[in-house]
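Written out below as structure tokens is the structure these notes cover.
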There are 2 protein chains.
Amino acid sequence: MSAADRREQILDVATGLFGDRGFHGTTTDQVAQAAGISQPYVVRMFGTKEKLFLEVLDRALGLLLQTFRRILESPAGDDDRPMQARLGSGYVDLLGTRGVHRTLLHAFVSGNDPVIGAAARRGFVDIYRFLRDEAKFTPAEVEVFLSQGMLFSVLLGIELPAAFGQDPDADELMQVAFADKCGVVLEMAGPGTAR
Amino acid sequence: MSAADRREQILDVATGLFGDRGFHGTTTDQVAQAAGISQPYVVRMFGTKEKLFLEVLDRALGLLLQTFRRILESPAGDDDRPMQARLGSGYVDLLGTRGVHRTLLHAFVSGNDPVIGAAARRGFVDIYRFLRDEAKFTPAEVEVFLSQGMLFSVLLGIELPAAFGQDPDADELMQVAFADKCGVVLEMAGPGTAR
DNA sequence: GTCTATACGAAGATAGAC
DNA sequence: GTCTATCTTCGTATAGAC
């Protein structure tokens with residue numbers, strides 16, 4: 001495998017693992033095993049675990065903004081909903097790439113870390129700039145959009161969809177929070193969506 | 001110091017530390033040093049680091065619900081705002097106990113962990129039940145309240161208030177998200193609010 | 001491009017003393 | 001109630017070979 005392909009592969013599996021257990025909870029050996037290579041080779045490729053995490057974070061943020069920009073620039077077509085709703089669906093669709101939401105959330109709770117925290121703040125502000133400057137959201141729209149996005153992410157964080165069917169109140173909460181997106185979420189992150 | 005007092009003291013400092021660096025990122029030795037005791041004594045007292053974290057989490061959730069219930073049961077007095085706003089202020093006031101919001105968020109992103117994740121889910125659903133059954137929120141009100149709360153927590157997670165003054169766009173984002181609460185937040189979590 | 005071997009330092013937990 | 005000493009395991013990173 002070429003170095004470039006290997007890099008991508010490692011970043012892919014690392015996104016899933018970091019999403020599951022965060023920076024401190026994930027070992028380079030777990031990444032290596034998931035990628036089918038040796039632990040030292042992972043380190044060799046990225047220098048340090050921290051650099052690996054930063055690349056994973058950058059990629060996740062890049063994918064997010066790329067997804068948003070694509071929606072923003074694509075013709076509405078048969079989708080006559082307001083841009084807020086369309087971008088919201090794009091956010092949900094990121095579930096297609098395992099670990100993105102949860103890796104971002106892990107980064108967002110690491111503000112205290114001098115390196116990762118700085119990157120996380122930059123990333124969040126980048127998203128804000130996109131909403132304000134490119135999507136032309138009003139402050140009120142930004143507030144609603146980000147709020148809903150964060151609730152969505154946190155509910156993924158506690159694995160509410162994965163625990164579907166175990167507690168009626170938990171299921172009801174999903175219904176309340178995800179509303180029309182409930183079906184899609186259960187399909188993409190529901191029980192048995194093993195990693 | 002009595003065992004009970006020592007317990008409380010350890011739980012206090014552990015809340016701050018777990019809030020800063022999460023379960024995996026915090027060592028029992030850091031907790032011990034912050035409490036001015038030896039590392040083995042911390043373990044001795046709580047059995048394992050995981051049990052310590054679970055107690056910290058329970059306490060944080062307990063404090064949250066206790067705060068909410070107090071507001072719910074207290075007479076409105078001169079505060080004529082709707083209950084959503086009053087509970088929201090209560091949530092902000094939890095900043096008075098260092099680490100509560102961020103420890104909760106760390107727990108909420110650990111859904112994957114069999115033990116901590118289960119406790120986190122239970123905790124979140126407990127909050128939902130409170131809003132639905134005790135505060136009598138409508139589903140729409142629940143959705144808005146939880147959304148705003150999670151955005152609030154995430155912005156604390158990235159330490160946006162602590163980084164105030166470093167990036168105009170970041171400051172603007174704070175304004176957009178915190179609105180009238182901006183002042184209080186900066187006072188309680190702004191730059192120089194060292195731990 | 002990828003491995004094996006390994007050094008080195010944490011970090012959680014235990015034993016046992018005072 | 002609290003400590004010191006220590007065991008043991010784990011995890012990152014390096015060295016160097018193929």
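Order of the sequence lines sets the chain letters (A, B, ...), proteins ahead of strands, with each chain counted from 1. As the structure is a computational prediction, the values presented were derived from the model and not from experiment.
Along DNA chain D, the nucleotide nearest P40(B) and the nucleotide nearest P40(A) are compared for position; the residue whose nucleotide lies closer to the 5' end is P40(B).
One can place CD1 of I37(A) at 15 Å from C1' of dT4(C), the figure rounded to the nearest angstrom. Between F46(A) atom CZ and dG1(C) atom C1' the separation is 14 Å, expressed in whole Å. The distance from atom CD of Q33(B) to atom P of dC3(D) is 12 Å, rounded to the nearest whole Å. In this entry the distance linking CG of L52(B) with P of dA11(C) reads 15 Å, nearest Å. For H24(B) and dA11(C), the NE2 to C1' distance is 13 Å, given to the nearest whole Å. For the pair M45(A) CE and dT14(D) P, the interatomic distance rounds to 16 Å; values are reported in whole Å. We find that CG of D5(B) is positioned 10 Å from P of dT2(D), with the value rounded to whole Å. Taking atom CD of residue E50(B) and atom P of nucleotide dA11(C), one finds them 18 Å apart after rounding to whole Å.
Across F152(B), F137(B), F130(B), a single residue satisfies ring pair (Phe, Tyr, Trp, His ring centres under 6.0 Å) together with F145(B), and that is F137(B).
Closest approach to the K49(A) side chain among dG1(C), dT12(D), dA13(C) is made by dT12(D) (side chain taken as heavy atoms from C-beta onward). With dT14(C), dT2(C), dA5(C) as the candidates, the nucleotide lying closest to the side chain of M1(A) is dT2(C). Comparing dA13(D), dT4(D), dT2(C) against the side chain of R44(A) picks out dT2(C) as the nearest. Among the nucleotides dT4(D), dG12(C), dT12(D), the one closest to the side chain of T27(B) is dG12(C). The side chain of Y41(A) approaches dG1(C) more closely than any other nucleotide in the set dC3(D), dA13(D), dG1(C).
Between R132(A) and D169(B) a salt bridge is recorded (basic side-chain N to carboxylate O distance below 4.0 Å).
Judged by atom type and distance alone, R7(B) does not reach the base of dG1(D) through any side-chain donor-acceptor pair under 3.5 Å. Between the side chain of Q39(A) and the base of dA13(D), a donor-acceptor pair under 3.5 Å is found.
Atom CG of residue L105(A) and atom CG of residue L156(A) lie 9.0 Å apart, to the nearest 0.5 angstrom.
Ring centroids of Y91(A) and H101(A) are separated by less than 6.0 Å, placing the two rings close together.
The main-chain N or O of K51(B) is found under 3.5 Å from a side-chain atom of T48(B) such that the two form a donor-acceptor pair.
Using a 4.0 Å cut-off, some side-chain N or O of R6(A) falls inside it from OP1 or OP2 of dT2(C). For dG12(C), the OP1/OP2 oxygens have a side-chain nitrogen or oxygen of T28(B) closer than 4.0 Å.
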